[in-house]
Amino acid sequence: MKISPSILSIKEDRKLRIALMDKQDIDYIHLDIMDGKFVMNKTQGFKEDYEEVSDLKKPLDIHIMVEDIKKYVDNYALLKPRNITFHYEATKDPDSIIEYIRNKGIKVGMAINPNTSIDSIGPYLNDIDIVLVMSVEPGKGGQKFIDSAQEKIDELRLLKNAYKYNYEIEVDGGINDQTVLKCLNADIIVVGSYITNTHDYKHQIDIIKEKIDSY
Ligand code: DX5
Ligand code: ZN
C-alpha cells in the first residue's frame, strides 16, 4: 500500500516542514486545493502552492475540490503532477474532464464524497486511473473517519478484480493508526493530521507502516 501524506494541515514553517516530508519514506505528496465554492474553505493560490511544492522530489498527488475544474487543471498541470483528482459531484460532464486531464499526459483521479455511491460512478470506472474515496466530508483536515468508506473500498476492490479495471483505490480523510485497518483493500492512503500534527513525521509514518505490514 502506498502512502500519500497531505500537507494541508501544516501551519508553521511550511516550507521547512514540507521539505522534511519530502525526505520521508513515502510515495507521493498529497496537495489539497479548495476554492471556497465547492467546499467552504479556500486554500492559498496557485502561485503560493507553486513556490512551496515545485521543487519536491516526490510525485504530486493533486486533489482539487473546486467548481471550475478546467481552470485549475490548466494551472496545476504546470507542476507536472502524477495525477489530478477532481470531484464527480463538481461537474455535469465527467467525460470531458477525464479527457481534458488525460490529454495533458496526467493520470486522472475521480473523487467521491461520503454520500456518493459507487454505482453513480460506474460508467467511468473503465476510464479513470484512480478512484478517491472520501472518508470525511471534503473541506478540512483533522476530521473523524466515516466508517461507511470501508464498504466502498471493499466494493471497489471486488469490482476491480471481477472486471479487471485498472484504477487504483485511494482513501482520504481521518486516517490514523486505528482507522487504517479499515482501508486495507486500498492501494493508496492519504494521511494528513495524524502525521503533521506532530513534529516527528518519521515516527508517525513508521507506526502506520507497521500497522499495515502486520496484516
Ligand atoms: C480533506 C482533504 C484531506 C485532508 C486529510 O478535504 O481532502 O486530504 O487534508 O487530512 P486528515 O488526515 O487530517 O483527515
Ligand atoms: Zn485530499
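Hydrogens, waters and symmetry mates are skipped; everything else that's a heavy atom, side chains included, is used. Throughout, numbering of the chain's residues begins at 1 and tracks the sequence. Numbering of ligands and ligand atoms starts at 1, following listing order.
Between the side chain of Asn113 and the main chain of Thr116, no donor-acceptor pair closer than 3.5 Å is present. Counting only distance, with no hydrogens or angles, the side chain of Arg17 and the backbone of Ile7 share no donor-acceptor pair below 3.5 Å. No donor-acceptor distance shorter than 3.5 angstrom exists from the side chain of Thr85 to the backbone of Met110, with no hydrogens or angles considered. Looking at Lys80, its side chain never comes within 3.5 Å of a backbone N or O of Ala77 through a donor-acceptor pair. Under the 3.5 Å distance criterion, the side-chain polar atoms of Tyr167 are matched with a main-chain donor or acceptor of Leu156. Under the 3.5 Å distance criterion, the side-chain polar atoms of Gln204 are matched with a main-chain donor or acceptor of Tyr194. Checked by atom type and distance alone, the side chain of Asn41 never pairs as donor or acceptor with a backbone atom of Lys140 at under 3.5 Å. No donor-acceptor distance shorter than 3.5 angstrom exists from the side chain of Glu52 to the backbone of Glu48, with no hydrogens or angles considered. The closest donor-acceptor contact from the side chain of Gln143 to the backbone of Gly173 lies at 3.5 Å or more, if one exists at all.
Every ring-ring contact (aromatic ring centres under 6.0 Å, His included) that Tyr50 has, sequence neighbours left out, goes to Phe46.
At a heavy-atom distance under 4.0 Å, atoms from both the backbone and the side chain of Ser193 approach ligand 1. Proximity of Met134 to ligand 1, defined as any heavy-atom pair under 4.0 Å, is confined to the side chain (atoms from C-beta onward).
Below 3.5 Å of separation, one finds an N or O of Gly174 facing an N or O of ligand 1. At a 3.5 angstrom cut-off on N or O pairs, Gly192 counts as close to ligand 1. Considering backbone and side-chain atoms together, Gln143 places no N or O closer than 3.5 Å to any N or O of ligand 1. Between Glu137 and ligand 1, no pair of N/O atoms sits closer than 3.5 Å. Any N or O atom pair closer than 3.5 Å counts here, and Met34 shares no such pair with ligand 1. Annotation: Tyr194 places no N or O atom under 3.5 Å from an N or O atom of ligand 1; distance criterion only. At least one N/O-N/O distance between Gly142 and ligand 1 falls below 3.5 Å.
Shown in contact with Gly173 at under 4.0 Å from a heavy atom are these atoms of ligand 1, numbered in order with element: 14 (O). Close contacts of ligand 1 with His63, meaning ligand atoms under 4.0 Å from a residue heavy atom, involve 7 (O). Which parts of ligand 1 touch His30 is read off a 4.0 Å heavy-atom cut-off, strictly below it: atoms 8 (O).
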Salt bridge (Lys or Arg N to Asp or Glu O under 4.0 Å) between Asp206 and Lys202, worked out | CA-CA 6 Å; Asp206 284 347; Lys202 181 176 185 303; 2.7 Å; yes
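Aromatic ring pairs are classed by plane angle as parallel below 30°, tilted from 30° to 60° and perpendicular above 60°; the pair Tyr76 and Tyr72 is parallel.
By heavy-atom distance, the residue among Leu132, Asp172, Leu31 lying nearest atom 3 (C) of ligand 1 is Asp172.
The protein heavy atom nearest to atom 2 (C) of ligand 1 is Asp32 OD1, 3.4 Å.
Looking only at protein N/O/S atoms, the ones less than 2.8 Å from the Zn ion (ligand 2) make 4 in total.
Contact analysis leaves Ser9 out of contact with ligand 1, as no non-hydrogen atom separation drops below 4.0 angstrom.
In plain terms, the two heavy atoms of Ile195 and Thr198 that are nearest each other are O-OG1, 2.9 Å.
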